[in-house]
Amino acid sequence: MRIERFSSKEELYTRAVAIIMEAKNNGAITFGLATGGTMEPLYAKICKTDIDFSHCMSFNLDEYVGLEATHKQSYAYYMNKHLLNQKPFLASYLPDGLAVDPLVETARYEGLLQQYPLDFQLLGIGQNGHIGFNEPGTSFASLTHLVTLEESTRQANARFFSSIDEVPTQAYTMGIQSIMRAKCILLLAVGEAKCEVLERLLASDYTEDVPATALSKHPNVMVLTDLQEEENKL
Ligand SMILES: N[C@@H]1[C@@H](O)[C@H](O)[C@@H](COP(=O)(O)O)O[C@@H]1O
């Protein structure tokens, strides 16, 4: 895992855009995409470039169960709003939050990921170390599956909803193994709220208690952060 630290968010996002453009120039076609506050400035910056994804495919990490694609807090809506309306891909996929049968839906989505292996995966990180919606304790062998969200995850995401009661209790997510199959992974940890989890990630051994530590066994992971090392603070 290579880590690059930036003294400003502006520099960090500029670097992230450059990495994505380089991946694309080097032939990446299939992009795993992420949502969350962390990704909003990234997508805003991408939209200002002339990058063309019209021959690429995108696959989102996760989606809330129970929200239709037109719901303003669904990840389908988020992706259209922040990226896909401005930068359309040849095809864009997310798990279907309204799928009737979770087993059929997770098999469908995992099948797509196996049919179109990811060249590039973008990741944020949850305050409890989750990637996608893989909560602590998730098997590192997991494929796309249905999860029950931790209360802390619902609380962290409640800021996007009018009240915590509206935050879904379940989601579909790519599994850890689905994520780890990507050829190249870029994780962004931005803002003070991610300080503790980033330090945990860097200090922890490979453990399912901190899902993001799975990445330590991946050959091509880059972490960008605006957080400084403990000794450099003050
Ligand atoms: N499922 C998403 C994750 O993919 C994301 O990484 C995390 C952090 O989001 P934020 O960037 O808003 O802190 O939030 C959600 O839980």
Side-chain angles (χ1 to χ4, degrees), residues 1 6 9 12-13 16 20 31-46 58-67 69 71-79 81-83 92-97 106 109 113 118 120-138 142 144-161 164 166-176 178-180 182 185-201 210-215 221-227:
M1 212 152 44
F6 296 85
K9 292 188 175 48
L12 182 154
Y13 285 112
I20 291 167
F31 288 82
L33 299 178
T35 54
T38 306
M39 299 303 157
E40 289 182 23
L42 174 68
Y43 294 146
K45 240 183 200 311
I46 288 177
S58 72
F59 298 85
N60 261 79
L61 279 168
D62 44 17
E63 178 60 287
Y64 288 117
V65 167
L67 301 191
H71 189 290
K72 288 195 168 165
Q73 303 313 333
S74 74
Y75 287 163
Y77 187 95
Y78 173 109
M79 289 311 301
K81 179 178 171 192
H82 294 290
L83 183 68
S92 288
Y93 299 96
L94 291 99
D96 176 2
T106 50
Y109 203 68
L113 295 170
L118 294 173
F120 187 92
Q121 177 67 57
L122 187 59
L123 290 179
I125 185 166
Q127 288 172 32
N128 61 5
H130 72 227
I131 48 177
F133 267 135
N134 291 285
E135 299 284 32
T138 304
S142 55
T144 303
H145 61 289
L146 176 71
V147 291
T148 296
L149 300 173
E150 282 200 353
E151 205 43 39
S152 64
T153 297
R154 293 184 66 237
Q155 265 159 20
N157 288 327
R159 67 191 196 278
F160 298 113
F161 293 79
I164 178 100
E166 288 179 20
V167 184
T169 54
Q170 291 186 309
Y172 291 116
T173 183
M174 284 188 200
I176 300 282
S178 331
I179 293 169
M180 290 288 283
I185 297 178
L186 173 63
L187 183 146
L188 307 184
V190 184
E192 279 302 314
K194 301 297 164 70
C195 199
E196 202 181 315
V197 71
L198 181 67
E199 275 165 25
R200 263 182 89 201
L201 167 62
V210 185
T213 61
L215 303 173
V221 178
M222 198 174 288
V223 177
L224 306 190
T225 184
D226 62 334
L227 300 162

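Excluded from the calculations below are hydrogen atoms, water molecules and symmetry mates; all remaining heavy atoms, backbone and side chain alike, are included. Counting convention: from 1, in listed order, for ligands and their atoms alike.
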Against heavy atoms of [X], which atoms of ligand 1 measure under 4.0 Å?
| X | value |
| --- | --- |
| Asn157 | 14 (O), 15 (C), 16 (O) |
| Gly124 | 6 (O) |
| Phe133 | 1 (N), 15 (C), 16 (O) |

Ligand 1 contact on [X] by region, counting heavy-atom pairs under 4.0 Å:
| X | value |
| --- | --- |
| Glu63 | neither |
| Gln127 | neither |
| Tyr75 | side chain |
| Ile125 | backbone |
| Thr38 | both |

So, 4.0 Å and heavy atoms of [X]: is ligand 1 close enough to count as a contact?
| X | answer |
| --- | --- |
| Glu135 | no |
| Gly132 | yes |
| Met39 | no |

Students should be able to answer this: which protein heavy-atom is nearest to [atom], and at what distance?
| atom | answer |
| --- | --- |
| atom 13 (O) of ligand 1 | Lys194 NZ, 2.6 Å |
| atom 1 (N) of ligand 1 | Asp62 OD2, 2.7 Å |
| atom 9 (O) of ligand 1 | Gly36 CA, 3.9 Å |
| atom 5 (C) of ligand 1 | Thr35 O, 4.1 Å |
| atom 16 (O) of ligand 1 | His130 NE2, 2.8 Å |

Less than 4.5 Å apart, side chain to side chain, heavy atoms only: is that true for [X] and [Y]?
| X | Y | value |
| --- | --- | --- |
| Ile131 | Ile179 | yes |
| Leu201 | Glu199 | no |
| Val197 | Asn128 | no |
| Met174 | Gln121 | yes |
| Gln127 | Glu196 | no |
| Ile20 | Leu42 | yes |

- [ ] Ignoring angles and geometry beyond distance, decide whether Leu61 reaches within less than 3.5 Å of ligand 1 through its nitrogen or oxygen atoms.
- [x] no

Open item on the list: Looking only at distances, can you tell me whether any N or O atom of Thr153, backbone or side chain, sits closer than 3.5 Å to an N or O atom of ligand 1?
Closed with: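 Between Thr153 and ligand 1 (N or O atoms, distance only) the closest approach is not under 3.5 Å.
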
- [ ] Counting heavy atoms only, name the option from Glu40, Arg159, Met174 that's nearest to atom 12 (O) of ligand 1.
- [x] Arg159

Between the main-chain N or O of [Y] and the side-chain N or O of [X], is there a donor-acceptor pair closer than 3.5 Å?
| X | Y | result |
| --- | --- | --- |
| Arg154 | Leu149 | no |
| Ser58 | Phe31 | no |
| Thr106 | His145 | no |
| Asp226 | Gly191 | yes |

- [ ] Hey, can you tell me if Phe161 and His71 have their rings parallel, tilted or perpendicular (30° and 60° cut-offs)?
- [x] tilted

TODO: Check the angle between the aromatic planes of Tyr75 and Tyr78 and answer parallel, tilted or perpendicular using the 30° and 60° thresholds.
DONE: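 Perpendicular, since the angle between the ring planes exceeds 60°.
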
